[in-house]
Structure formats: structure tokens, C-alpha cells
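Hydrogens, waters and symmetry mates are skipped; everything else that's a heavy atom, side chains included, is used. All values reported here derive from a predicted model rather than from experimental measurement.
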Amino acid sequence: LLSQPTNALDRQVFELHYFHRVKNVKAAAAALGIGRQHWYTLLREFRQRLHSGAQEILQANEAQLAVLPAAAECEVD
């Protein structure tokens, strides 16, 4: 989430939806100058990007973890 631009419309929608828990999506969308359908489109696409990024980080961490036991077995002189 932190790597996404703070002023991007999709991030604003995500934060309003999940952090601030807006009750009236139609009114919040109108305040941003978009429609309700576009709100949910932005929200879905942003969630997909976040999930994809999280999966990449997880895979990188698992790859590094797989290397650690092999490195621990090496002798250090």
C-alpha cells in the first residue's frame, strides 16, 4: 500500500472504503467525481494489484528462507 501514490484516485477509494469505512458509497464516489460503478472498478483493480504485490514479496521471502539453511551449513574460517 505504501508504494502506491498517495494522491491516486484508486488509492483514495481504497482508503475511504477500508480505512474510513464510508457508509454511502454513492455520495463518496460523487464527491470524488466518479460513479458508484467506477468506485467498485477502482477498488477491485487496486485490491488485485495489492494482492499481486503481496504474493511477490511472499515468494521472495520464501526464496530467501530456502537459501538460509544452506548458508548455515557452510563453514566460516
Side-chain angles (χ1 to χ4, degrees):
L1 179 64
L2 296 176
S3 66
Q4 303 296 320
T6 56
N7 59 348
L9 183 59
D10 54 358
R11 180 171 174 174
Q12 290 176 9
V13 167
F14 182 86
E15 289 180 355
L16 287 169
H17 194 85
Y18 288 108
F19 296 159
H20 302 287
R21 300 286 189 185
V22 294
K23 299 292 182 198
N24 190 341
V25 170
K26 187 175 182 178
L32 292 174
I34 60 174
R36 187 183 60 82
Q37 291 266 338
H38 190 57
W39 171 282
Y40 286 110
T41 299
L42 291 171
L43 189 60
R44 181 184 69 247
E45 291 172 356
F46 192 81
R47 280 193 325 251
Q48 289 171 342
R49 274 198 318 279
L50 283 182
H51 180 71
S52 176
Q55 292 301 314
E56 290 175 13
I57 291 169
L58 182 61
Q59 289 172 355
N61 288 345
E62 288 174 345
Q64 290 175 349
L65 185 62
V67 173
L68 285 179
E73 293 174 4
C74 296
E75 289 184 30
V76 178
D77 292 335

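The environment of His20 atom NE2 is dense: over 12 non-hydrogen atoms of other residues, nucleotides or ligands sit within 6.0 angstrom. By the neighbour-count criterion of 12 heavy atoms within 6.0 Å, atom CZ of Arg47 is densely surrounded, having more than that number from other residues, nucleotides or ligands. For CD of Gln55, the number of neighbouring non-hydrogen atoms (other residues, nucleotides, ligands) closer than 6.0 Å is greater than 12.
Below 30°, between 30° and 60°, or above 60°: for Tyr40 and His17 the angle between ring planes is above 60°, a perpendicular geometry.
Of all heavy-atom pairs between Trp39 and Leu16, the closest is CH2-CB, 3.7 Å.
Counting heavy atoms from C-beta on, the side chains of Tyr18 and Arg21 come closer than 4.5 Å. Side-chain contact between Asp10 and Glu45: absent, with no pair of heavy atoms (C-beta onward) separated by less than 4.5 Å.
With hydrogens and angles disregarded, no donor-acceptor distance shorter than 3.5 Å links the side chain of Ser52 to the backbone of Gln48.
Between the CZ atom in Arg11 and the CG atom in Leu43 there is a gap of 14.0 Å [rounded to 0.5 Å]. Put simply, CD on Gln59 and CD on Gln64 are 12.5 Å apart, with the number rounded to the nearest 0.5 Å.
A single hydrophobic cluster is seen to contain both Leu9 and Phe19, as judged by linkage of ILVMFWY side chains at heavy-atom distances under 4.5 Å, directly or through other members.
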